[in-house]
Amino acid sequence: MEKMTVKVKAAGGVTLPAYATPGSSGMDIRANEAAVIKAGERGCVGTGLYLEMPEGCEAQVRPRSGLALKHGVTVLNTPGTIDSDYRGEIRVILANFGKEDFKIEPGDRIAQMVFAAVTQVELEAAAELGDTERAAGGFGSTGKR
Ligand SMILES: O=c1ccn([C@H]2C[C@H](O)[C@@H](COP(=O)(O)OP(=O)(O)OP(=O)(O)O)O2)c(=O)[nH]1
């Protein structure tokens, strides 16, 4: 697959190698500020990270499994969508489902991000949709086993 180039601007003197392994399909993302996500609450944490992606590319912000398992901390809107035309700071919306407050220091890895190609489509209004075997079955319609 042909590689897309993504420009990364990092505030606060943070350099690219601190984030990403060259050639990787994604990267860990770090907090650029101190924060506390109280037990049972949510918060929005700045990363000091700015991207320029080519059109047709999006970034998805995802949770880290270790934070989820050890602390009950996840990305609330996972996968967070970073649009290719967004030039603001990437921020991570964390939710704390754990029993203890979760403290974040600048530089902590709070989430991860992958880059994905977005399929370009043309939407067409339709009065009828094609038949399928599944039809409207869903939400567990095929049972448990
Ligand atoms: O976890 C996230 C999700 C989004 N964004 C930024 C990048 C994205 O391109 C922009 C808009 O995100 P989204 O489309 O999810 O937000 P919205 O609530 O629909 O707001 P808008 O009306 O600005 O599109 O906000 C983040 O920094 N972190």
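Just so you know, residue 1 is the first one in the sequence shown, and it goes up from there. Each ligand, and each atom within it, is numbered from 1 in the order the structure gives. Note that the structure is a prediction, hence the values are computed from the model and not measured.
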- Task: Decide yes or no on side chain to side chain contact (heavy atoms under 4.5 Å, CB included) for Phe115 and Glu58, but give the supporting numbers first.
- Result: CA-CA 6 Å; Phe115 298 99; Glu58 66 155 340; over 6 Å; no
Starting from the N and O atoms of ligand 1, find every protein N or O within less than 3.5 Å and list the pair with its distance.
unit_1, atom_1, unit_2, atom_2, d
ligand 1, 1 (O), Asn77, ND2, 3.0
ligand 1, 9 (O), Asp83, N, 3.0
ligand 1, 9 (O), Asp83, OD2, 2.5
ligand 1, 27 (O), Arg91, N, 3.0
ligand 1, 28 (N), Arg91, O, 2.7

- Message: Walk me through whether Leu51 and Val8 qualify under side chain to side chain contact (heavy atoms under 4.5 Å, CB included).
- Response: CA-CA 5 Å; Leu51 297 180; Val8 183; 3.9 Å; yes
- Query: If you group Ile, Leu, Val, Met, Phe, Trp and Tyr whenever their side-chain heavy atoms sit less than 4.5 Å apart, what else falls in with Met4?
  - Reply: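 When side chains under 4.5 Å apart are linked, Met4 ends up in no cluster with other residues.
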- Message: With a 4.5 Å cut-off on side-chain heavy atoms, are Ile37 and Asp101 touching?
- Response: no
- Which value, rounded to the nearest 0.5 Å, describes the distance between Lys7 atom NZ and Arg87 atom CZ? 8.5 Å
- Message: Would a single hydrophobic cluster contain both Val6 and Ile29, if residues Ile, Leu, Val, Met, Phe, Trp and Tyr are joined by side-chain heavy-atom contacts under 4.5 Å?
- Response: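 Yes, Ile29 connects to Val6 through the hydrophobic network.
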